[in-house]
Amino acid sequence: MSEAAVHSQIIETGEKILADLATKQSLEAAELGSFPDGLWQALESSGFTEIGSADTGTRLSDAFAFTELCGRFAAPIPIAETLLVNRWAGAEPGVHSIGLIRDNSVHQVPWGRTAKRVIGIEASGNRAVLIHTPTVVEEHSNLAGEPRDRVSLPEQPERLELPEPAFATLALARAAASAGALNAIVALGVRYATERAQFGRPLAGFQAIQHTLAVAAAETLAATTAVRAAAQQSDPARFDAEVAAARSRVGQAIRTVSDAVHQVHGALGFTHEHILHHFTRRTWAWRDEYGNELS
Amino acid sequence: MLELDLTFLPADTESLRTRVRQFLAHNAEFLAAPNSDFATNHDAAFSRRLGGAGWIGMTWPRDYGGQNATYLERYVVTEELLAAGAPVGAHWIADRQTGPLLLNYGSESQRTSYLPAIARGELFCSIGMSEPDSGSDLASIRTTATPAAGGYRVNGTKLWTTYAHRNHLMICLVRTEPPAKNRHAGLSQLIVDLRTDDVQVRPIKNMAGKEEFNEVVFTDTFVPDDRLVGAPGNGWDQVTSELAYERSGPERFLSSFQVFTELVRACGPQPTQSQAVLMGRIAAQLLSLRRLSISVAGMLEQGKDVALEAALVKELGNTLEEAIPELARLVLPADAGTPGYARALTDAILQSPSFTLRGGTKEILRGVIARGLGLR
């Protein structure tokens, strides 16, 4: 199968599973601490948790594309981490995760409490260690309510050689997920603007609303383009710079797009009941994980 | 929401890029422009040299003076010319849109008499769309062309016609039938010879102190039949096809590029933190726009309709080229940089109101994007 065909098959099949199982209900349950087992099993049994691993016929760029797709559904799972652990330490079933080594712990580990294996990396990217059946020291979550646990670092952990720079790869994974979320946010804005009427006509009939959403869509396209260009960058010498550019571009778009679409939704988008915040809060959390627009 | 298939420049375009850079180095005496604005520097001698190198009309068939090159190769040439601040104003419109218009809709005799001369860099064209009472609302134009023996009599006024006082031809949008219920019907395009046809051209000085655009007045001006482009009444479709070529190129985000390059040069290898942050932000936006613009060139190469994508590039690009001088002045005031930086910055600030007007206003573009989103 050609690369393009592999790519589009991943997107199409993955989209169906995510649409069925990454529901509002599962998002809320995950925020209360219960892992979406059904969604995970569906993805795992179809091979989606090994995209980018050796002997799967897929590449790292496919892993970024699937991470972007999961972002479009705000899927409450550590997908990028699992894909990268399987790529870097060999594919195994189950949930795997990654965090940053600091003061003899591994911090900010998504779903550390559920993970079978955790890779700890240093911010400088020089050292990576593999931890089997990790011990959670503290349970935390980010501002999107996603688990970000602290895991203890064994005294003599297994060292790991990584084929790509870990920090930049994770930074791009967050940008890819954010690009997916931005696309979902704009789609929500467009749908609401066509459904909601004020002054006797749909919001979409007002030029001010049309232009607000047009700017949000343009920003989203620019951000998505930057992410995909970095994901397809085959020259390792240019990878860091492309990732930095993608992070910067996505970070700039997040402010504009989330402002625009929250404004279009009015007070409804500020409620817990509405789905919008599951996406916007994630973009606000992800933009500060593995660097930000400035560093 | 909006999808765009990414195109990457093929590796073999790098040798072309090297040749363009060599050409520019050999012709350095022409590179006196303060900035990278495609419209502000008209130099017939430079255009002739560029034509001699085969880089005007390069995507056209060889029979009409072209090189059969791809849109991606054209992208490389235009990007290098703009980045270097080359004076491309004389041939830009003819190369970008008049040529493709004549290739798509012109008669065989129009193609053979105009295209080779355009490609040699000897024949320059202007756009004849706007009028005193018709800007964004192009379908409301009132210039009329009424049948006369062997041709048409044209009456009316065209406005903001860039370089009408220095170019040879104007592609003039006229009403050949009175306005009807379908306001896009009854429009046609005529080739007006600005040198020999009986028209009055009056330059209008712009706020930057330059005489670039004009008012062009037609009073019973005779234009022969054989200078009608395409079918009578087909003008609206032809004009909108031109706009796609007009909106997606690197000229839509590089107008103030020299401000950025001079800023990077002036800040040197150890910029302050605020300078580094700002230069990084601008670079990130430029990279993403370049990817978009190359991808639209890839779509043009595949013969796809790019109207929506081109509007997106122009919206994003104009916002950036307007923002660059405004951000730059905050981290490096004009008088703290090199003379080249000061000149580029001043020029960009004075030119910037035109960026979001020419080739479709910001408001029109956002309307196009909103339609693409299904909002209207």
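Here is the naming used below: chain letters follow the sequence lines, and residue numbers restart at 1 for every chain. Keep in mind it's a predicted model, so treat the numbers as computed, not measured.
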Report which part of [X] has an atom under 4.5 Å of a heavy atom belonging to chain B: side chain, backbone, both, or neither.
| X | answer |
| --- | --- |
| A:Thr225 | both |
| A:Gln252 | side chain |
| A:Leu294 | side chain |

Between [options], who has the most heavy-atom pairs with chain B when the cutoff is under 4.5 Å?
| options | value |
| --- | --- |
| A:Leu213, A:Thr194, A:Leu182 | A:Leu213 |
| A:Ala241, A:Ala184, A:Ala226, A:Ala187 | A:Ala187 |
| A:Ala223, A:Ala218, A:Ser248 | A:Ala218 |

Report summary line: Residue from B:Leu2, B:Leu286, B:Leu6 scoring the most non-hydrogen pairs under 4.5 Å with chain A is B:Leu6
Report summary line: Looking only at B:Glu3, B:Arg371, B:Gln273, the option with the highest number of non-hydrogen pairs under 4.5 Å against chain A is B:Glu3
Report summary line: Scanning both residues in full, the closest heavy-atom pair of B:Tyr75 with B:Ala297 reads CB-CB, 4.4 Å
Which portion of [X] sits near chain A, non-hydrogen atoms under 4.5 angstrom:
| X | value |
| --- | --- |
| B:Leu292 | both |
| B:Leu373 | both |
| B:Glu315 | side chain |

Report task. Mind running salt bridge (Lys or Arg N to Asp or Glu O under 4.0 Å) on B:Arg17 and B:Glu14 for me, showing each step along the way? Result -> CA-CA 5 Å; B:Arg17 186 183 300 283; B:Glu14 283 312 299; 3.3 Å; yes
Query raised in the report: Got B:Arg247 and B:Leu365 here, is their nearest side-chain heavy-atom distance under 4.5 Å?
Result: yes
Query raised in the report: Is the shortest side-chain N to carboxylate O distance from A:Arg255 to A:Glu219 below 4.0 Å?
Result: no
Report task. Decide whether a cation-pi geometry holds between B:Arg265 and B:Phe260; the criteria are a distance under 6.0 Å from NZ or CZ to the six-membered ring centre and an angle within 45° of the ring axis. Result -> no
Query raised in the report: Is a side-chain donor-acceptor pair under 3.5 Å present for B:Glu322 with B:Ser352?
Result: no
Query raised in the report: Between A:Phe206 and A:Phe199, what is the ring plane arrangement, given parallel below 30°, perpendicular above 60°, and tilted in between?
Result: perpendicular
Report task. If the plane angle is over 60° it's perpendicular, under 30° parallel, otherwise tilted; pick one for A:His274 and A:His265. Result -> perpendicular
